[in-house]
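Below: the structure, in structure tokens.
Both ligands and their constituent atoms are indexed starting at 1 by order of listing. All values below come from the heavy atoms of this structure, side chains included, with hydrogens, waters and symmetry mates left out.
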Amino acid sequence: MTVPESARQRAAQLRKDIEFHNLRYYQLDDPLIADAEYDRLMQELLALESEHPELRTPDSPTQRVGAPPVQAFAEVRHSVPMLSLDNAFSDENVVDFGRRVSQRLGRDDLAWVVEPKLDGLAVSLTYEQGLLVHAATRGDGQTGEDITANVRTIRAIPLRLSGKGWPDCFEARGEVFMPKQGFQALNARALAAGEKTFANPRNAAAGSLRQLDPKVTATRPLSFFCYGYGLYPDNRLPATHSALLACFRSWGIPVNPELHVVENIAACIAYYRDLLARRSELPYEIDGVVYKIDALAERETLGFVARAPRWAIAHKFPAEEATTRVIGIDVQVGRTGALTPVARLEPVFVGGVTVTNATLHNADEVHRKDIRIGDTVIVRRAGDVIPEVVKSLPELRPPNAMRFVLPGRCPACQAEVEILEGEAIARCSGGLYCPAQHKEAVKHFASRKAMNIDGLGDKLVDQLLEKQLIATVADLYALRAEQLAELERLGEKSSRNLIEALERSRHTTLPRFLYALGIREVGEVTARTLAEYFRELEPLAAADEETLQTVPDVGPSVARHIYTFFRQPHNLEVIHRLLGSGIHWDPLPERPADTVLPLAGKTFVITGTLDSLSREEAKARVLALGGKAVGSVSKKTDYLVAGAEPGSKLTKAQELGIKVLDEAEFLSLSESGGDAP
Ligand code: 9MJ
């Protein structure tokens, strides 16, 4: 059967459109169409090709996922060796490298290409007549593996080049990697399916690319940046690396937008610092930056030694992962009683510091990751994030390795440990009587976003409690400089500074004070909302759970914590003493004092679904006009606002003879400023 010309033309157009959208998405990071629209184009092409198999060309985007599994990868000999890079671990190494290069070339006015060093897998792509024909791993640099079918599934890599002017045959080389977001999603999927997770994006990229079944690779969120070339006709090479990559980019081969040309080694190091500071914000992991001589003729002069070129160097970032051994698992008790297992480690240098402890999050996590005392583990410390144990290496497990057992009693106060249903977290039930919880509560009270007592750090809190200079946070404000001066490492001057900081902290804000109290589930944002709603401490402390739940974003659980907190005599006593010792705050910006708010004294219940606003918004409106919004109907209710499907509250209101407003009536009431309909 011959293929109708219209079908042939439509297929060609679809292929072109799809590759164009790939380019917008992967190279320009600026898609023009939604994912669903892209999928629709792909479906149309698939349908056409299935009707007319002759239309199924090797460069069709539908062919990215088609190849059958293989038994093993074929070997490929690289026509030009795939080099690796020498490493520099300090500025000094880099300066020495720059000096050596300048000496060899007899000049020091050299332009450098600087680029991120991606942590993925190096591959070489061969294009013939503009079509991707082979893809190979680096292997040992001379011989790699043929991973063409897998690489074809990576949408960032064009199967057919766009633009014009490419040589008949050439190799583009670069890194296949897995962006952080895709990595997290992949691991989340694996976790949900009870499958093994990958330790890091590099392993995930390598594992995905070395799949024997390309259909598996096709489901993995891989991407690619080109940073070099292999085989290339001499007479077609431009003068510089940066010009060649600009050509590649114009043909649709992705090149990292962070790649720049700079004038000297000092600028290379400045680039390193800039990228190190931005490391965590980049959408992919990098383990350093690479500096390369831009002029290709000078590269030729320099040549290479062993497996690395003399014209380039990788300036490595401090490693974020290292292996070490777990020598014990302690259990720490947090401010809210949460028990956190913490691995004690043989000291290891990672992320730029020596790490001796790493969080294991919770007991479930320890068991899921099967981390045992005695195990060799991978520890990760990225940026300022607290170090964590990524995984154990069971192959290296000694026979006497011990499993972790969560204690049944709190290690600090011996109170029973509770595990609430549906929570992964085990908690000490000792409350503030638990010295560990209490200590954390004091630290929290003093912390920057709470009372902001400058100079009152963790070590000092430990000492104040141990030496019994304070029993509760209320005692802080009775401290005298002479008492403090006796503490370890606290001279006269620091003591005075601390007293002054305490003095300054007396003048605070209601949101800070509420946050500092450390009520469960009351973070900074909730503290602010509560302060704005109640304006003062007394009405908040007096509020019942129902009233608390009328505050935006306060659900039953937070309401219960707040209610319970203010019913503990111990807490009330501490608050009383704090206020007695001079803690005060400015009133919140007042609603105009002389206006009597139109809904003052009126109680509303809002039920059912409203068309033009949510129930929360309706409540906020009532509050703004001075009224009260509560959750259930009683004799004290003045108005029931009933939206669609109001349920039992409407029946009850009718029984009690309470005025019922529909949405329109409510809106006109709130907009008119309260003249009751
Ligand atoms: C990576 N991994 O990002 C090179 N690399 O150049 C960059 N690797 C390289 N360049 C020559 N950006 C050999 C390897």
Side-chain angles (χ1 to χ4, degrees), residues 26-27 78-89 94 97 101 111-125 135-144 151 154 156-157 170-180 200-206 209 222-232 237 240-246 248-249 253-262 268 271-272 274-276 278-279 282-296 298-300 302-317 319-320:
Y26 288 101
Q27 184 162 330
H78 298 301
S79 44
V80 176
M82 280 185 84
L83 302 174
S84 52
L85 292 165
D86 269 345
N87 292 321
F89 295 98
V94 174
F97 163 76
V101 168
W112 296 91
V113 173
V114 295
E115 59 197 37
K117 182 168 185 300
L118 290 154
D119 209 3
L121 223 77
V123 298
S124 187
L125 310 175
T137 61
R138 168 153 50 209
D140 64 4
Q142 305 293 332
T143 308
V151 164
I154 303 172
I157 296 178
F170 73 97
E171 285 172 11
R173 290 177 173 176
E175 201 86 353
V176 169
F177 61 96
M178 189 175 287
K180 288 178 192 168
N200 54 48
R202 199 207 110 78
N203 290 1
L209 212 46
L222 295 171
S223 197
F224 174 79
F225 278 131
C226 171
Y227 52 66
Y229 63 99
L231 186 74
Y232 208 92
L237 278 173
T240 61
H241 177 84
S242 49
L244 179 61
L245 291 187
F248 283 174
R249 195 180 262 149
I253 302 174
V255 174
N256 197 326
E258 298 282 355
L259 179 140
H260 300 291
V261 180
V262 302
C268 290
Y271 177 80
Y272 172 93
D274 172 53
L275 225 55
L276 183 56
R278 292 196 289 122
R279 183 182 197 177
L282 294 175
Y284 41 79
E285 291 215 336
I286 61 176
D287 57 354
V289 296
V290 185
Y291 314 134
K292 296 173 180 171
I293 291 274
D294 196 19
L296 300 186
E298 305 200 292
R299 291 189 182 185
E300 194 69 31
L302 289 164
F304 53 91
V305 269
R307 285 162 51 193
R310 282 209 188 90
W311 41 262
I313 199 154
H315 191 177
K316 300 284 285 235
F317 287 159
E320 290 184 325

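- For E115, a nitrogen or oxygen atom sits less than 3.5 Å from a nitrogen or oxygen atom of ligand 1, counting backbone and side chain alike.
- Scanning all protein heavy atoms for the shortest distance to atom 10 (N) of ligand 1 gives K292 NZ, 2.8 Å.
- Regarding atom 13 (C) of ligand 1, its nearest protein heavy-atom neighbour is L83 O, 3.5 Å.
- Side chain of E175 to backbone of G120: a donor-acceptor contact under 3.5 angstrom is found.
- Residues F248 and F170 bring their aromatic ring centres within 6.0 Å.
- Other residues, nucleotides and ligands place more than 12 heavy atoms under 6.0 Å from the CZ atom of F89.
- With atom 3 (O) of ligand 1 as the reference point, the heavy atom nearest to it among L118, V290, L85 is part of L118.
- Contact between L245 and G228 at its shortest, heavy atoms only, is CD2-N, 4.1 Å.
- Short contacts between ligand 1 and P116, defined as distances under 4.0 Å to a heavy atom of the residue, involve ligand atoms 3 (O), 12 (N).
- With a heavy-atom cut-off of 4.0 Å, K117 touches ligand 1 through backbone and side chain alike.
- For ligand 1, the polar-atom distance check against W311 finds no nitrogen or oxygen pair separated by under 3.5 Å.
- Under the side chain to side chain donor-acceptor pair (under 3.5 Å) criterion, the residue pairs touching residues 303-316 are Y291-H315, with sequence neighbours excluded.
- Ring-plane geometry between F225 and Y284 is classed as perpendicular, the angle between the planes exceeding 60 degrees on a 0 to 90 degree scale with a lower cut at 30.
- When hydrogens are left out, the protein atom nearest atom 8 (N) of ligand 1 is Y227 CZ, 3.1 Å; that is the closest non-hydrogen contact.
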